[in-house]
Amino acid sequence: MTRIKMNPIAELDGDEMTRILWQQIKDIVLKPFVELNTEYYDLGLKNRDETDDEITLEAAKAIKRLKVGVKCATITPNTARMTEYSLKRMYKSPNGTIRAYLDGTVFRTPILAPGITPVIPTWTQPITVARHAYGDVYRAVELETQGRGKAEIVFTDENGNETRKTIFDFEEAGVVQGMHNRIPSIESFARACFEYALTQKQSLWFSAKDTISKVYDEAFKRTFETIFNNEYKQKFEQENLTYFYTLIDDAVARAVRSQGGFIWAMKNYDGDVLSDMISAAFGSLALMSSVLVSPDGCFEYEAAHGTVTRHYYRHLRGEKTSTNPMATLFAWTGALRKRGELDENHALSAFSDAVESAAMDTIRDGIVTGDMALLMKEKCESVVSETFLCEIAKRIKI
């Protein structure tokens, strides 16, 4: 069989067990059918340390240049990881660096697997979380204070004029955090959400807490409303779609009572937390697809979960693990499909569809990894990751 040719995409390798799955997916599922053409960037923690994290910025630039990237899960180091890997410093999240460079929005959608019923039985369609990928707590400045003193926000404009607001008058030790965002980034976020909703033909919610955060969250609410009314209202009406804003606590209650099938836009941290909740309610983080979309039409696909550290330590002991590769596999199929769409390479796009269909057929036939076996309504066979991928490869029809 002649393998499918393709133009290059940026390939960002990662850490621990997902790094193992990454190679298995390429060797078992992709390379027998496709002449994989990638620019490879090793974002494993050791290489980030050796390059002083310059490799992460290089990878982000490659995504911008090539328009499509696919990323493996990576470690964001904490104090324990600093010691474990003997790092020079505590590096920032690679995802945060890439998202900030591309000024993108993250769209996360559950992968609906046959035989797995959502915890909320009314959810018959997936809920896509649109997460702003800039600012908030991820770029916050923090300070721990000792004793009495005043904490202030100070803004000095280009002419040297100062605006001050008191945060708190401390009588004892405390902590302070300063967050920021950029109106142009919020505008890009809003437009990305409206465009994605039109592409998916789904209605859009946006939720925040402007009743409490009367400046910060209000800026998000106002930006969405202005852009919708000026640029998208007529387009939404033509497609019989709706957009509305509501408080985030009200949105949670509405979502639980809904049937799903909509896009839910949130600020950075809100989207981080609730996308995990939604993925768990639909199945697990290992059944959650994720794509970062930039305003200039760049796409980075990744798994929504972490590096599966516990399984990696078992792997190092020589044990076989039944780690779920679905989210990582769908990152690859998403990237290859998008590459095919941009290049009008119909064979490549069709191959991505075939892989995803084969994965669903494998699950439907009762062959799953351990985490899915616990969720399935019917009795099924739990196999190790490599076997699961081999079963998918056997069912690919192109």
Side-chain angles (χ1 to χ4, degrees), residues 95-96 99-109 125-140 179-278 290-300:
N95 289 339
R99 290 166 188 165
Y101 183 82
L102 295 176
D103 192 23
T105 297
V106 177
F107 295 94
R108 288 183 169 174
T109 307
Q125 302 174 68
I127 297 171
T128 296
V129 171
R131 173 187 171 192
H132 190 209
Y134 179 84
D136 295 354
V137 69
Y138 301 89
R139 294 177 71 89
M179 298 197 314
H180 81 280
N181 226 296
R182 298 165 43 250
I183 297 301
S185 181
I186 300 171
E187 291 172 343
S188 294
F189 173 45
R191 289 190 176 94
C193 292
F194 291 128
E195 290 288 347
Y196 196 79
L198 289 169
T199 300
Q200 301 300 116
K201 299 191 183 306
Q202 292 182 320
S203 292
L204 175 68
W205 303 8
F206 176 62
S207 64
K209 194 70 172 177
D210 65 297
T211 52
I212 303 300
S213 178
K214 298 181 188 298
V215 176
Y216 198 101
D217 283 22
E218 169 63 26
F220 277 83
K221 176 186 176 183
R222 183 181 65 249
T223 301
F224 266 75
E225 288 179 351
T226 300
I227 290 176
F228 176 71
N229 289 330
N230 292 343
E231 301 177 30
Y232 290 97
K233 187 174 182 178
Q234 187 175 358
K235 295 177 183 178
F236 268 55
E237 290 173 349
Q238 289 172 349
E239 296 292 339
N240 198 28
L241 302 176
T242 59
Y243 163 73
F244 71 89
Y245 168 82
T246 188
L247 296 175
I248 192 166
D249 41 352
D250 177 59
V252 169
R254 286 179 182 235
V256 169
R257 295 192 299 267
S258 76
Q259 294 181 337
F262 59 90
I263 299 166
W264 186 359
M266 287 174 266
K267 296 186 306 170
N268 207 344
Y269 180 72
D270 298 342
D272 191 3
V273 173
L274 284 173
S275 66
D276 283 7
M277 183 277 289
I278 286 172
S290 181
V291 57
L292 176 74
V293 183
S294 75
D296 58 346
C298 299
F299 300 83
E300 183 225 31

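All residue numbers in this chain count up from 1 along the given sequence.
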Can you tell me how far [atom2] of [Y] sits from [atom1] of [X], rounded to the nearest 0.5 angstrom?
| X | Y | atom1 | atom2 | value |
| --- | --- | --- | --- | --- |
| Asp270 | Ile248 | CG | CD1 | 3.5 Å |
| Ser207 | Asp217 | OG | CG | 9.5 Å |
| Thr242 | Lys233 | OG1 | NZ | 12.5 Å |
| Ile127 | Thr109 | CD1 | OG1 | 10.5 Å |
| Asn95 | Glu300 | CG | CD | 6.5 Å |
| His132 | Ile186 | NE2 | CD1 | 6.0 Å |

Can you classify the ring geometry of [X] versus [Y] as parallel (below 30°), tilted (30 to 60°) or perpendicular (above 60°)?
| X | Y | answer |
| --- | --- | --- |
| Tyr196 | Phe107 | parallel |
| Tyr134 | His180 | perpendicular |
| Phe194 | Phe236 | perpendicular |

Task: Candidates Trp264, Phe228, Phe244, Phe224 - the one meeting side chain to side chain contact (heavy atoms under 4.5 Å, CB included) with Phe206 - done: Phe224
Open item on the list: Out of the candidates Met266, Glu225, Lys267, only one should pair with Phe220 under the side chain to side chain contact (heavy atoms under 4.5 Å, CB included) rule; please name it.
Closed with: Lys267
Output yes when a side-chain donor or acceptor of [X] lies under 3.5 Å from a complementary backbone atom of [Y], and no otherwise.
| X | Y | answer |
| --- | --- | --- |
| Lys214 | Thr211 | yes |
| Ser213 | Asp210 | no |
| Asp136 | Asn268 | yes |

Can you name the nearest heavy-atom pair linking [X] to [Y], along with the distance?
| X | Y | value |
| --- | --- | --- |
| Ile227 | Ala190 | CD1-CB, 4.0 Å |
| Ser290 | Val106 | OG-CG1, 3.4 Å |
| Phe189 | Ala265 | CZ-CB, 4.1 Å |
| Ala100 | Arg139 | CB-NH1, 3.6 Å |
| Met179 | Ala140 | CG-CB, 4.0 Å |

With heavy-atom distances below 4.5 Å as the criterion, would you say the side chains of [X] and [Y] are in contact?
| X | Y | answer |
| --- | --- | --- |
| Cys193 | Ile263 | no |
| Ser203 | Leu241 | yes |
| Thr105 | Ser188 | no |
| Arg254 | Phe262 | no |
| Glu195 | Val293 | no |

TODO: Go through the structure and list residues passing side chain to side chain donor-acceptor pair (under 3.5 Å) with Asp249, not counting sequence neighbours.
DONE: Lys209
TODO: Report the residues that fulfil side chain to side chain donor-acceptor pair (under 3.5 Å) with Tyr243, sequence neighbours left out, ordered by chain and then residue number.
DONE: none
Task: Contacts of Asp276 that satisfy side chain to side chain contact (heavy atoms under 4.5 Å, CB included) - sequence neighbours left out - done: Arg108, Leu285
If you draw a 6.0 Å radius around [atom1] in [X], do more than 12 non-hydrogen atoms from other residues or ligands fall strictly inside?
| X | atom1 | value |
| --- | --- | --- |
| Gln234 | CD | no |
| Glu231 | CD | yes |
| Tyr269 | OH | no |
| Asp250 | CG | yes |

Task: Lys235 to Tyr232 six-membered ring, cation-pi geometry met (6.0 Å, 45°) - done: yes
